[in-house]
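Following: one structure in structure tokens, then a few remarks.
Not measured: the values here are computed from a predicted model.
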Amino acid sequence: MADVRFEREDETVVAVVTGEIDMSNATTVRQEIAESVTPDDDAVVIDLSELSFIDSAGLHALIELGTVLTERRQQLLLCLPPGSTIRRAIEIIGLPHAVSVYSDRSEAMEAVRASALESRPIGPAENA
């Protein structure tokens with residue numbers, strides 16, 4: 001079974017997933033993560049560095065979650081150490097073309113902050 005632990009950093013939900021995601025729990029894991037996101041959140045960072053297994057149902061759940069978040073104009077970022085078998089599976093199916101993959105959480109959070117700065121409107125005082 002998978003265990004999902006949630007943390008928050010500013011307007012970002014961080015979901016740390018441990019254990020295994022397979023066809024028996026993929027939908028539940030996806031729903032649990034999706035329900036943790038508020039309309040005010042900019043992004044969801046899913047830390048999969050402690051995940052020991054993911055099957056095609058789990059990979060599909062990540063794709064579905066990414067689609068839902070994109071529709072809400074929120075980002076999905078994954079954290080996976082280089083060389084891990086799960087990162088390799090994600091690369092094989094081409095998920096990094098749809099979802100940003102980072103080596104660790106600090107890298108992902110840096111990307112979220114940079115993206116938030118880029119999308120922030122310039123106020124009148126800043127134009128002067």
Side-chain angles (χ1 to χ4, degrees):
M1 288 306 277
D3 180 53
V4 184
R5 184 179 76 248
F6 294 99
E7 301 170 13
R8 286 195 154 278
E9 290 189 35
D10 302 318
E11 284 78 39
T12 301
V13 173
V14 178
V16 180
V17 186
T18 59
E20 300 181 355
I21 302 176
D22 59 25
M23 64 185 283
S24 71
N25 64 0
T27 300
T28 302
V29 169
R30 178 184 51 78
Q31 289 172 339
E32 192 175 343
I33 294 170
E35 289 169 2
S36 73
V37 183
T38 71
D40 295 330
D41 291 323
D42 294 327
V44 177
V45 173
I46 302 179
D47 186 342
L48 299 174
S49 59
E50 298 178 40
L51 193 69
S52 59
F53 177 80
I54 191 167
D55 70 0
S56 60
L59 294 169
H60 184 71
L62 291 175
I63 293 168
E64 286 180 334
L65 182 60
T67 301
V68 168
L69 292 171
T70 298
E71 289 171 359
R72 295 182 189 170
R73 296 180 185 227
Q74 296 169 314
Q75 297 179 72
L76 175 61
L77 301 91
L78 303 179
C79 298
L80 285 154
S84 75
T85 56
I86 294 171
R87 185 171 182 144
R88 180 73 180 125
I90 283 172
E91 290 169 347
I92 287 171
I93 67 162
L95 195 56
H97 295 292
V99 176
S100 299
V101 179
Y102 296 90
S103 297
D104 59 41
R105 191 187 312 185
S106 62
E107 228 180 71
M109 290 306 299
E110 191 174 307
V112 169
R113 285 189 278 282
S115 177
L117 287 174
E118 288 174 11
S119 65
R120 191 168 291 140
I122 297 174
E126 296 175 51
N127 285 330

Assigning hydrophobic clusters by single linkage (Ile, Leu, Val, Met, Phe, Trp, Tyr; side-chain heavy-atom cutoff under 4.5 Å), is [X] placed with [Y]?
{"X": "Val68", "Y": "Ile63", "answer": "no"}
{"X": "Val37", "Y": "Leu48", "answer": "yes"}
{"X": "Leu76", "Y": "Val17", "answer": "yes"}

Can any side-chain N or O of [X] pair as donor or acceptor with the backbone N or O of [Y] at less than 3.5 Å?
{"X": "Asp55", "Y": "Gly58", "answer": "yes"}
{"X": "Arg87", "Y": "Leu80", "answer": "yes"}
{"X": "Ser36", "Y": "Ile33", "answer": "yes"}
{"X": "Asp10", "Y": "Thr12", "answer": "no"}
{"X": "Thr70", "Y": "Gly66", "answer": "yes"}
{"X": "Ser103", "Y": "Pro82", "answer": "no"}

* Asked: Any Lys/Arg nitrogen of Arg30 or Glu35 sitting under 4.0 Å from an Asp/Glu carboxylate oxygen of the other?
  -> no
* So does Arg105 pair up with Glu107, basic N to acidic O under 4.0 Å? -> no
* Partners meeting salt bridge (charged side-chain N to carboxylate O under 4.0 Å, His left out) with Glu11 (sequence neighbours left out) -> none
* To do: Return the set of residues passing salt bridge (charged side-chain N to carboxylate O under 4.0 Å, His left out) with Glu32 (not counting sequence neighbours), or none when no residue passes.
  => none
Determine whether [X] and [Y] make a side-chain contact, defined as any pair of heavy atoms from C-beta on separated by less than 4.5 Å.
{"X": "Val13", "Y": "Val45", "answer": "no"}
{"X": "Val16", "Y": "Glu50", "answer": "yes"}
{"X": "Asp22", "Y": "Phe53", "answer": "yes"}
{"X": "Glu20", "Y": "Met1", "answer": "no"}

* To do: Hey, could you give me each pair passing side-chain hydrogen bond (donor to acceptor under 3.5 Å, both in side chains) that has a residue in residues 37-49? Not counting sequence neighbours.
  => Arg8-Asp41, Thr38-Asp41, Asp47-Ser49
* So does Glu91 have more than 12 non-hydrogen atoms from other groups sitting under 6.0 Å from CD? -> yes
* Just by distance, with hydrogens left out, do Ser100 and Gln75 show a side-chain donor and acceptor under 3.5 Å apart? -> no
* Structure fact -> One should read off an interatomic distance between Leu78 CG and Ile46 CD1, to the nearest 0.5 angstrom, of 5.5 Å
* Going from CD1 on Ile93 to OG on Ser56, what distance comes out if it is rounded to the nearest 0.5 angstrom? -> 9.0 Å
Ignoring hydrogens, what is the shortest heavy-atom contact between [X] and [Y]? Give both atom names and the distance.
{"X": "Ala108", "Y": "Leu77", "value": "O-CD2, 3.8 Å"}
{"X": "Ile21", "Y": "Ala2", "value": "CG1-CB, 4.1 Å"}
{"X": "Ala15", "Y": "Val4", "value": "CB-CG1, 4.0 Å"}

* Before giving the answer on side chain to side chain contact (heavy atoms under 4.5 Å, CB included), spell out for Leu59 and Ile54 the whole-Å C-alpha distance, their side-chain angles and the decisive distance to 0.1 Å. => CA-CA 7 Å; Leu59 294 169; Ile54 191 167; 4.0 Å; yes
* When you look at Val99 and Leu62, which way does the side chain to side chain contact (heavy atoms under 4.5 Å, CB included) test go after all the steps? -> CA-CA 9 Å; Val99 176; Leu62 291 175; over 6 Å; no
* To do: Start with the C-alpha gap between Glu64 and Gln31, add the side-chain angles, then the distance that decides, and say whether side chain to side chain contact (heavy atoms under 4.5 Å, CB included) holds.
  => CA-CA 10 Å; Glu64 286 180 334; Gln31 289 172 339; over 6 Å; no
* To do: Please assess Val44 against Val14 for the test side chain to side chain contact (heavy atoms under 4.5 Å, CB included), listing each intermediate value before the final yes or no.
  => CA-CA 6 Å; Val44 177; Val14 178; over 6 Å; no
